[in-house]
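Have a look at the structure below, then the notes.
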Amino acid sequence: MSRPARFDRGHTDDLLTYLAASPSPYHAVANAAERLEKAGFRQVEETDAWDGTTGGKYVLRGGALIAWFVPEGAEPHTPFRIVGAHTDSPNLRVKPLPDTGAAGWRQVAVELYGGTLLNTWLDRDLGLAGRITLRDGRDVLVNIDRPLLRVPQLAIHLDRGANDGLKLDRQKHMQPIWGLGDDVQEGDLIAFVAEEAGVDAADVVGWDLMPHPVEAPAYLGRDRELVAGPRMDNLLSVHAGAAALAAAAATGNLPHIPVLAAFDHEENGSQSDTGADGPLLGSVLERSVYARGGSPEDRARALAGTVCLSSDTGHAVHPNYPERHDPTHHPRANGGPILKVNVNMRYATDGSGRAVFAEACEKAGVPFQNFVSNNAMPCGTTIGPITAARHGIKTVDIGVAILSMHSARELCGADDPFLLANALTAFLEN
């Protein structure tokens, strides 16, 4: 029996606001936490003792967030329903010694993070965001959201073959400019960032900074049926997951414990203390069981009944390259969320997992689509198989079909974000 939709185009409006306000994983989790706080959730510190009280709680660690809601009457062995996502996106990251330059230009030394589509970063106005760490151990969020940096492309007069195949050297050609001058001084960039953040540059001892396009997310198309914006992979899912968790918590009486797990570092393998291949999720679930008076046996029972929807973006069929897609599976924009399948377990979905997702979509009144890769091309992966293998829980890979994945600016259907949020809500409420 389907239920009235919780979310509509207003959800997509809010997604655009969220994308613009979240230029780094640290901003993404802070903004998601703010939304959960408004829904009655409260932050708990990992270094504190946890209690078994009911209600919504969340943990922040770097660019990761784990949030959960304990309903009235939850037993120690009550299973979890988890929405998994990731907060990071392929981009440029500032190096430890960032001040560099050549030929009278001041530049910023950057590394390439994840599978960045390099050419999409050329000739864009870029801001700078992330966090700086002070001597007293505090992290301070920074968002210089105005044109500051630019990676200039070589003029076609100096590269006549550029339109026949652009070749970018990852070390030489991707360093952005941010001013003029022959006298490059070590510490200039961080002094500038510290001033923007309102702190003393002498107190800054560490930083995790990244350029970001300052062009705002926007509706696109004759009928505004599309959305263009940065970091949809995978803040679209983080935003939908936070909305779904808040909606599920509002119902109160749930047969399980709904969870949002938003990890960092998916784009480079998830192997970190904030990644899906780290201990964070397992630690939070275990401590939640023990805080409610549970035992290792209760933990094992809870995980045995747990299901995770790993929500990440997938590929819509590209109209200019249809041969790159499977000939019988054609995910379309605004066709609803996609169920991602790969028999070699690049995605964790199996037949029983499909049934779980199909039931959630049916209850939400949401259509869904099937995605598989072309057999002649390698299949991507996400946190789904990692979550399944690390914690031994049933996991289903889903998401939203987009174009321009890993570009500095991606594209999706304007209806798909709220269709995903409705499906996730039905899954968490069950």
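The basis for the numbers below is simple: all heavy atoms, side chains too, and nothing from hydrogens, waters or symmetry mates. Residues take their numbers from the sequence shown, with the count starting at 1.
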Worksheet item: Going by atom types only, do T306 and K394 share a side-chain donor-acceptor pair under 3.5 Å?
Response: no
Practice prompt. Please determine which of T274, D233, D264 meets the side-chain hydrogen bond (donor to acceptor under 3.5 Å, both in side chains) test together with H86.
Written response: D233
Worksheet, complete the sentence: Note: P25 and D88 closest approach over all heavy atoms is CG-CA, 4.0 Å
Fill in: Short N-O contact, E286 and R299, less than 4.0 angstrom
yes
Item to complete: Report yes if some heavy atom in the side chain of M405 is under 4.5 Å from a heavy atom in the side chain of M232; otherwise report no.
Response: no
Practice prompt. Indicate whether the side chain of D277 and that of S270 have a donor and an acceptor atom separated by less than 3.5 Å.
Written response: no
Worksheet item: Minimum heavy-atom separation for L149 to P176, with atom names?
Response: CB-CB, 4.0 Å
Item to complete: Run the numbers on E215 and R409 for salt bridge (Lys or Arg N to Asp or Glu O under 4.0 Å), then give the verdict.
Response: CA-CA 9 Å; E215 182 183 2; R409 193 170 179 86; 3.8 Å; yes
Fill in: N/O donor-acceptor pair under 3.5 Å between N334 side chain and E225 backbone
yes
Discussion item. Does H256 form a side-chain hydrogen bond (donor to acceptor under 3.5 Å, both in side chains) with T78? I'd like the steps, not just the answer.
Written reply: CA-CA 6 Å; H256 46 256; T78 298; over 6 Å; no
Worksheet item: What are the two closest heavy atoms between S407 and T120, and how far apart are they?
Response: OG-CG2, 3.2 Å
Discussion item. Tell me if a side-chain donor or acceptor on R93 pairs with a main-chain N or O of E111 at a distance below 3.5 Å.
Written reply: no
Worksheet item: Can you find a pair of side-chain heavy atoms, one from D99 and one from Q107, that are under 4.5 Å apart?
Response: no
Worksheet item: For the residue pair F371 and H315, does the interplanar ring angle fall in the parallel (under 30°), tilted (30 to 60°) or perpendicular (over 60°) class?
Response: tilted
Worksheet item: Take atom CG in N253; do more than 12 heavy atoms of anything else shown fall under 6.0 Å from it?
Response: no
Discussion item. If we check side chain to side chain contact (heavy atoms under 4.5 Å, CB included) with P230, which of these qualifies: P23, P217, S22?
Written reply: P217
Worksheet item: Just checking, any donor-acceptor pair under 3.5 angstrom between side chains of N91 and R231?
Response: no
Worksheet item: Above 12 or not: heavy atoms from other molecules or residues under 6.0 Å from CD of Q43?
Response: yes
Worksheet entry | Between F192 and W178, ring centroids under 6.0 Å | yes
Worksheet item: Does K57 reach the side chain of F69, with side-chain heavy atoms less than 4.5 Å apart?
Response: no
Practice prompt. Inspect the contact between E359 and R354 and indicate whether a charged nitrogen and a carboxylate oxygen are less than 4.0 angstrom apart.
Written response: no
Worksheet entry | Closest contact, heavy atoms only, I132 versus L209 | CG2-CD2, 4.4 Å
Worksheet item: Distance only, no hydrogens: is a donor on one side chain within 3.5 Å (strictly under) of an acceptor on the other, for D14 and T17?
Response: no
Worksheet item: Taking the side chain from Q271 and the backbone from G278, do they hold a donor-acceptor pair closer than 3.5 Å?
Response: no
Worksheet entry | Donor + acceptor pair across side chains of N234, T313 (<3.5 Å) | no
Fill in: Basic-acidic side-chain contact under 4.0 Å: R106, D188
yes
Fill in: Donor-acceptor side-chain pairing of D350 and S352 below 3.5 angstrom
yes
Practice prompt. Look at the side chain of D326 and the backbone N and O of V372, then say whether any donor-acceptor pair between them is shorter than 3.5 Å.
Written response: no
Discussion item. Check this for me: N163, atom CG, are more than 12 non-hydrogen atoms of other residues, nucleotides or ligands nearer than 6.0 Å?
Written reply: no
Item to complete: Please tell me if the side chains of F368 and L419 come closer than 4.5 Å, counting only heavy atoms from C-beta onward.
Response: no
Discussion item. For a side-chain hydrogen bond (donor to acceptor under 3.5 Å, both in side chains) check, start with the C-alpha distance between Y26 and N143, then their side-chain angles and the critical distance, and finish with the verdict.
Written reply: CA-CA 11 Å; Y26 317 110; N143 183 9; over 6 Å; no
Fill in: Donor + acceptor pair across side chains of H330, Q369 (<3.5 Å)
no
Worksheet item: Just wondering, more than 12 heavy atoms not from R9 lying within 6.0 Å of its CZ?
Response: yes
Discussion item. Any heavy-atom pair between the side chains of L189 and V94 that's under 4.5 Å?
Written reply: yes
Discussion item. Looking at every heavy atom in both L420 and S237, which two are closest together, and how far apart are they?
Written reply: CD2-OG, 4.1 Å
Worksheet item: With side chains defined as the heavy atoms from C-beta onward, is the minimum distance between V44 and V59 less than 4.5 Å?
Response: yes
Worksheet item: Is atom CD of E195 surrounded by more than 12 heavy atoms (other residues, nucleotides or ligands) closer than 6.0 Å?
Response: no
Item to complete: Please tell me if the side chains of L303 and V289 come closer than 4.5 Å, counting only heavy atoms from C-beta onward.
Response: no
Worksheet item: Okay, side chain of D125, backbone of P147: is any donor-acceptor separation there less than 3.5 Å?
Response: no
Worksheet item: Which heavy-atom pair separates P417 from L236 by the least distance, and what is that distance?
Response: CG-CD1, 4.1 Å
Item to complete: Answer yes if the ring centres of H239 and Y18 are under 6.0 angstrom apart, and no otherwise.
Response: yes
Worksheet item: Is there a donor-acceptor pair closer than 3.5 Å between any side-chain N or O of T349 and the backbone N or O of K340?
Response: yes
Practice prompt. Evaluate the side-chain proximity of I398 to L424: yes if any heavy-atom separation is below 4.5 Å, no if none is.
Written response: yes
Fill in: SB check E46 R61 (cutoff 4.0 Å)
yes
Worksheet item: For F427 and V307, what are the C-alpha separation, side-chain angles and deciding distance, and is it a side-chain contact (heavy atoms from CB on, under 4.5 Å)?
Response: CA-CA 9 Å; F427 165 73; V307 183; 3.9 Å; yes
Worksheet item: Quick one: do the D397 and S310 side chains pair a donor with an acceptor below 3.5 Å?
Response: yes
Worksheet item: How about D13 and Y219: does a side-chain donor come under 3.5 Å of a side-chain acceptor?
Response: yes
Item to complete: Please report the C-alpha distance between I393 and T387 in whole Å, then the side-chain angles of each, then the deciding distance to 0.1 Å, and finally whether the side-chain contact (heavy atoms from CB on, under 4.5 Å) criterion is met.
Response: CA-CA 7 Å; I393 58 180; T387 304; 3.9 Å; yes
Discussion item. Counting only heavy atoms not in D123 (residues, nucleotides, ligands), do more than 12 fall under 6.0 Å from its CG?
Written reply: yes
Worksheet item: So H11 and F7, would you call those rings parallel, tilted or perpendicular, with 30° and 60° as cut-offs?
Response: tilted
